[in-house]
Amino acid sequence: MENASFLDGLNPEQRRAVETTEGPLLVLAGAGSGKTRVLTHRIAYLMGTCGIPPEGVLAVTFTNKAAGEMRERVEKLLGPQTRDLWVGTFHSTCVRILRREISHLGYSRGFAIYDEADSLSLVKEAITKRGLDPKVVDPRRIRWRIDAWKNDGMKPAAAAERATDIDDDQAADIYAQYQRLLADANALDFGDLLVLTVELFERFPRVLAHYASRWQYILVDEYQDTNRVQYRLIRQLTSAHGNLCVVGDPDQSIYGWRGADIRNILDFEEDYPETEVVRLERNYRSTQPILTGATGVVSNNLARKRKDLYTDREGGDQIRIHEAATDRDEAQFVVGEILASAREGDRSYQEFAIFYRTNAQSRLFEEELLKYDVPHEVVGGVRFYERAEVKDALCYLRLVINPRDTAALRRVVNRPTRGIGRTTVERAELEASQRGETLLEGFRVLGEGTSGVRSAAKVRAFIQLYELLVRECTAAEPADALAIILDRSGYMKALEKDGSPEAEGRIENLRELLTAAEDFSRANADSDDDRTSIEIFLDQVALVSDLDAYAGTEETVSLMTVHNAKGLEFPVVFLVGLEERIFPHSGSMGDEQGLEEERRLCYVGMTRAMQQLNLTSAAERVRYGSRNYGVPSRFLDEIPQEVVTQIGSGRKKAARSRSGGGHELDYSYAQEPASEGGDVRPGLRVVHPVFGAGTVVSVSGNGLDQKLKIQFERAGIKTILVRYANLELG
DNA sequence: TTGCTGCTCTTTTTT
DNA sequence: AGAGCAGCAA
């Protein structure tokens, strides 16, 4: 392999970022400046030119998808010698380490990974165990607090010590209880994965030494979004050599609420003396108006290092702003634009993306897209692996692997309903805690029950089912194990018997789960991991995000939150719901920090656009089932006006609608009817901006109210109000 | 114990 | 508007 090939096509700064292999390196990479390219070429350069073996490199990315893509791109440069190269998220990397080493910390290696729902139910239990009432002490808030502590690397003792008020005292107390429950269940939550890895390295220097000497070169992507524990982990791993390359952009720091600490990147040069700094400021993605607009917004942040992005792409469309009267109108506008642009601009659907601030906003757009048969893909929202039936199946599997997994057991014991209700579960819990045994043991005792427990026979049957599953599933491949579970538990049968459309959907989801499990086995056939196949499968499932499953290659319009849009790019972007209290979100407007993060989020959304950026808002919006009136986002005013074009109704219109009660129709799109100068009669050929070519079937109404029934070639029969339709003669 | 009804609460964003 | 939950009847 030619040495030069890893540097080919890189600009001088990118090249420097690749070639500076020794010591700490900070790459400040503006949006669209080719940072992924730098990372992949750097890895290839390390291995291909410097002769570093693959196992000597660790690359940490933000999502599993990014990890997969990175590995793929490195393989393209180097060939398939990347097996021992570790690329993963912080969480997946920690899981792999812990599966090998966690026995040092007194957990057993079959530990379960608890997601948010599992963790919440355990917090609830912890609250009760501390003699408090979950209705009074909000479990969600406590969970949030615990998570924040974990992100800061604080264990219960430290949290209790630093608690400054009664609330914190109480939370710290529950935190301690919660950790005991986790330990009893042999389970870790997301935060633990990081915290325990750091603890492991701290307490067992020899274990740390093993990994620190293995990974001679470490790369971290999206460094602006790392939290304190992640920082400490990286510090531990690089203590020996300091060969650390971090890539990030302070302007794209959008996870402060999750514990990301922007100090990590701002203080990097102090924390790692003799840091080389490379700035990537040339943008390869967007046209000048988009870049000017986005920079205009983010430069309103006071706490910001100055940075100048530039692009060679002069010209290009202005940023388009549309202020709709209602949220429904907004959705109609966006979908109408997509349809028109797909036709006239000759674009394929995958070139469009719709970004919103909150998941709940997706619904109207989905409905509208559905109405016009536009293929689309929603990223996020209700996650596949969190759907009730999918999670039920997985909990059976979890229980087979880890009999102490109380959250899984509680979930599964009466699914499908088998007569083991709340009372019986409580009795088993009592039994278990009295004997200091697991919940499963509690059930077992109940099942043997000579005491007059009415449900004893049913519990016994469940225990037998469980033992059967353990025998048949433990050594099986995940897909086979799941099939056995769904069969023997009667789960599938219960759904089939149900027969309702919802049940049909559930069955469909379970089939999809089986397919996913089969795909998994195929992909991991030659894995040299020392976890069992089921273990790896469960680990993966626990840590996948929807973004990971998102392919982005099919002929579909993409819908997602702005957070999920990070790292992606699209030719045409619609950033919607730009209203005060939505974007910026009401929850973040209180303090300057929160507001600045919202602004960065807006910047991230805007800079995803390559050619055309559309920003929309609605004056009136239904929220929580009631009407709300909004004001256009301040971010819209922060965009330099010379790069903006207002489309459709102006702000005056929106203001009128807001103050004037009855909502007025928007005439700005009204065109002269196609009938001008001649009669419209059935048989006339017309072209509609959205539905395309068609033939008039019938005419009704007069003047402005004239309606046409049109048979469209592609869209079927629709009734169209001539006034709004902007029809042309075809 | 189940399943129904009517009430509450939600919404930030997610590895 | 919709989901999730508590409370109640069968």
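Lettering follows sequence order; numbering is per chain, from 1.
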Select one nucleotide: of [options], the one nearest the side-chain heavy atoms of [X].
| X | options | result |
| --- | --- | --- |
| A:Asn564 | B:dT14, C:dA1, B:dT13 | B:dT14 |
| A:Asn359 | B:dT11, B:dT13, B:dT15 | B:dT13 |
| A:Thr561 | B:dT1, B:dT10, B:dT13 | B:dT13 |
| A:Thr424 | B:dT1, B:dT14, B:dT15 | B:dT1 |

Roughly, in whole Å, what's the span from [atom1] in [X] to [atom2] in [N]?
| X | N | atom1 | atom2 | result |
| --- | --- | --- | --- | --- |
| A:Trp144 | B:dT14 | CH2 | P | 11 Å |
| A:Asn414 | B:dT1 | CG | C1' | 8 Å |
| A:Lys150 | B:dT15 | NZ | P | 18 Å |
| A:Arg418 | B:dT2 | CZ | C1' | 15 Å |
| A:Leu595 | B:dT13 | CG | C1' | 15 Å |
| A:Leu364 | C:dG2 | CG | C1' | 14 Å |
| A:Arg621 | C:dA1 | CZ | C1' | 14 Å |
| A:Arg143 | B:dT15 | CZ | P | 13 Å |

query = Could A:Arg99 and A:Phe111 be counted as a cation-pi pair, given that NZ or CZ must be under 6.0 Å from the ring centre and within 45° of the axis?
reply =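 Yes, a cation-pi geometry holds between A:Arg99 and A:Phe111.
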
task = Could you list the residues that satisfy side-chain hydrogen bond (donor to acceptor under 3.5 Å, both in side chains) with A:Ser121, not counting sequence neighbours?
result = none

Select base, sugar-phosphate, or nothing to describe what [X] touches, counting heavy atoms under 4.0 Å on all strands.
| X | answer |
| --- | --- |
| A:Arg627 | nothing |
| A:Thr417 | sugar-phosphate |
| A:Phe90 | nothing |

task = Spell out, as yes or no, whether a donor-acceptor pair under 3.5 Å connects the side chain of A:Gln224 to the backbone of A:Asp249.
result =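 A pair under 3.5 Å: yes.
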
key: Test side chain to side chain contact (heavy atoms under 4.5 Å, CB included) applied to A:Arg411 - qualifying residues, sequence neighbours left out   =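 A:Arg411: side chain to side chain contact (heavy atoms under 4.5 Å, CB included) contacts with A:Ala388, A:Lys391, A:Asp392, A:Cys395, A:Arg415.
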
ask   = When you compare C:dA6 with B:dT11, how far apart are their C1' atoms, in angstrom units rounded to a whole number?
value = 23 Å

task = For A:Trp257 and B:dT13, say yes or no: do the ring centres fall under 5.5 Å of each other while the ring planes differ by less than 30°?
result = yes

key: Partner of A:Asp225 by salt bridge (charged side-chain N to carboxylate O under 4.0 Å, His left out), out of A:Lys566, A:Arg600, A:Arg258   = A:Lys566

message = Which is more 5' along DNA chain B, the nucleotide nearest A:Gly419 or the one nearest A:Leu543? Just name the residue.
response =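 Result of the comparison: A:Gly419.
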
task = Assign each of A:Ile420 and A:Gln230 to its nearest nucleotide of DNA chain B by heavy atoms, then name whichever residue's nucleotide is nearer the 5' end.
result = A:Ile420

query = Is the phosphate of B:dT11, meaning OP1 or OP2, less than 4.0 Å from a side-chain N or O of A:Arg140?
reply = yes

